[in-house]
Amino acid sequence: MEQEVERYRKPTRILHWVHAGAFTVLFLTGLVLFIPPLGFLAQDSWTRVIHRIAAVIFIVAPLIYMPLNWKATWRGIKDALSWGMDDIGWLIAAPGYYFLADEEAMPPQEHMNTGQKMWWLMVIVFGLVFVATGLIMWAAKTVAPAELLRWMVLIHDIAFIATGAMFFVHIYLSVIHPLMRPLRVGAWSSMARGKVSVHYAKSHHAKWYDKISKGEET
Ligand code: HEM
Ligand code: HEM
């Protein structure tokens, strides 16, 4: 049995999957509203109702998680905002790493690599954009000026296109890409079971592994 280290605790994993589920439903019901030929699916407005139910879950889940897991929340925000020379190195080495499996040029990474930091930042920024524009469209549809509502739809759509594209990149890089395997002890396992093998931690997050093995971090 390979030695393993903990990467994500249970509350973080629960938040991730609840949020991922809500996002997927928002994405699919949003798509029905976004692509006119799919409009027939929105007849009777059931997709709009489902969009709103998923939006409530999307908003409430982190609001419950954050105060109960303040340390992990703060650490995630701090990590995503901490950039250094190794992040520049990651950006330069990433094409060779992901397309040609050239691991030599890839600098050692912390608990989150640079790509993960960028996804984290996108989720925070566009998450807030979705909530603000979505709630205005929902609550003020009959009272807000038409011009304002048009802007809200446009900004909501830009967030949809940006996060929608990255959503597929996120799934590909965290589950399908050969370098993130094996599934049982690699990236998938970190979010499914909370653990990765020591070998995976060393090869993908060497700086973090160094710190946890010295007891400087969990
Ligand atoms: C998180 C809070 C969110 C709220 C409160 C919200 C709310 C809304 C509302 C009220 C509408 C207008 C629906 C109608 O015409 O009746 C809408 C449309 C839409 N939403 Fe959301 N939404 C949220 C998140 C999301 C997310 C995460 C996505 C996609 C990933 C998304 C994608 C869309 C799309 C594509 C439309 C159609 C806009 C158009 O007509 O071009 N929404 N949303
Ligand atoms: C439904 C499909 C999804 C799958 C299969 C998936 C899978 C994963 C996996 C396996 C990881 C761990 C990666 C690692 O630590 O090496 C992860 C991390 C993460 N996921 Fe997801 N995820 C999905 C959807 C989402 C959505 C919709 C969001 C945002 C709303 C999201 C946000 C994150 C964040 C912030 C992390 C931590 C940083 C990172 O590793 O990128 N995920 N996801």
Side-chain angles (χ1 to χ4, degrees), residues 8 12-66 76 80 94-95 98-99 112-181 183 186-192:
Y8 294 111
T12 307
R13 284 182 277 137
I14 293 174
L15 172 70
H16 176 269
W17 292 120
V18 170
H19 223 213
F23 183 93
T24 307
V25 173
L26 285 162
F27 178 80
L28 293 174
T29 49
L31 200 65
V32 168
L33 298 171
F34 186 71
I35 299 181
L38 293 178
F40 72 96
L41 290 170
Q43 270 167 16
D44 305 329
S45 284
W46 63 268
T47 45
R48 290 190 159 90
V49 174
I50 296 174
H51 196 79
R52 283 158 174 75
I53 294 169
V56 171
I57 297 170
F58 188 88
I59 295 169
V60 170
L63 290 180
I64 295 174
Y65 173 87
M66 284 190 291
Y98 289 107
F99 292 119
M112 261 193 247
N113 69 31
T114 312
Q116 289 171 310
K117 288 179 191 175
M118 292 193 292
W119 177 230
W120 231 95
L121 291 173
M122 265 192 94
V123 170
I124 296 171
V125 172
F126 285 115
L128 292 172
V129 169
F130 274 126
V131 173
T133 51
L135 287 181
I136 292 173
M137 287 193 282
W138 184 352
K141 198 170 182 174
T142 50
V143 289
E147 184 71 8
L148 175 74
L149 288 172
R150 267 199 296 275
W151 274 104
M152 293 305 106
V153 172
L154 178 68
I155 298 170
H156 207 76
D157 283 350
I158 292 170
F160 165 70
I161 293 164
T163 54
M166 284 309 291
F167 178 48
F168 291 104
V169 174
H170 176 59
I171 294 178
Y172 176 68
L173 288 187
S174 51
V175 183
I176 300 166
H177 195 287
L179 282 175
M180 305 309 136
R181 308 271 183 88
L183 286 182
W188 166 258
S189 163
S190 73
M191 215 31 113

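Just so you know, residue 1 is the first one in the sequence shown, and it goes up from there. Hydrogens, waters and symmetry mates are skipped; everything else that's a heavy atom, side chains included, is used.
Separating the NZ atom in Lys141 from the CD1 atom in Ile136 is a distance of 14.0 Å, to the nearest 0.5 Å. For the atom pair CZ (Phe34) and CG (Asp157), the distance works out to 5.0 Å, reported to the nearest 0.5 Å. How far CZ of Phe27 is from CZ of Phe168: 4.0 Å, rounded to the nearest 0.5 Å. Note that the CZ atom of Arg52 and the CG atom of Leu26 stand 11.0 Å from one another [nearest 0.5 Å]. In this structure, CG on Leu33 lies 10.0 Å from CG on Leu41, to the nearest 0.5 angstrom. Once rounded to the nearest 0.5 Å, the distance linking CH2 of Trp188 with CD1 of Ile176 reads 10.5 Å.
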- Message: Pair Ile59, Leu135 - check side chain to side chain contact (heavy atoms under 4.5 Å, CB included), show working.
- Response: CA-CA 10 Å; Ile59 295 169; Leu135 287 181; 4.2 Å; yes

- Determine, step by step, whether Leu31 and Phe160 satisfy the side chain to side chain contact (heavy atoms under 4.5 Å, CB included) criterion, reporting the C-alpha distance in whole Å, the side-chain angles of both residues, the deciding distance to 0.1 Å, and the verdict. CA-CA 9 Å; Leu31 200 65; Phe160 165 70; 3.5 Å; yes

- Kindly indicate, with the supporting measurements, whether the criterion side chain to side chain contact (heavy atoms under 4.5 Å, CB included) is fulfilled by Gln116 and Asn113. CA-CA 5 Å; Gln116 289 171 310; Asn113 69 31; 3.4 Å; yes

- Task: May I have the step-by-step check of side chain to side chain contact (heavy atoms under 4.5 Å, CB included) for His16 and Tyr8, ending in yes or no?
- Result: CA-CA 10 Å; His16 176 269; Tyr8 294 111; over 6 Å; no

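Here the shortest heavy-atom pairing between Val18 and Ala61 reads CG1-CB, 4.0 Å. Taking all atoms of both residues into account, the shortest heavy-atom contact from Met191 to Trp17 is O-NE1, 3.0 Å. Residues Trp120 and Ala80 come closest through the heavy atom pair CB-CB, 3.9 Å. Considering all non-hydrogen atoms of both residues, Met137 and Leu149 come closest at CA-CD2, 4.1 Å.
Between Leu154 and Arg150 there is no side-chain heavy-atom pair separated by less than 4.5 Å. Between Tyr65 and Thr12 the shortest side-chain heavy-atom distance falls below 4.5 Å. By the 4.5 Å heavy-atom criterion applied to side chains, Ile158 and Val129 are not counted as neighbours.
Listed by first then second residue, pairs satisfying ring pair (Phe, Tyr, Trp, His ring centres under 6.0 Å) with a partner in residues 129-150 read Phe130-His156, not counting sequence neighbours. Residue pairs meeting the side-chain hydrogen bond (donor to acceptor under 3.5 Å, both in side chains) criterion with at least one member in residues 159-180, sequence neighbours excluded: Trp119-His170.
Partners of Phe58 according to the ring pair (Phe, Tyr, Trp, His ring centres under 6.0 Å) rule, which considers only residues two or more places apart in sequence or in another chain, are His19.
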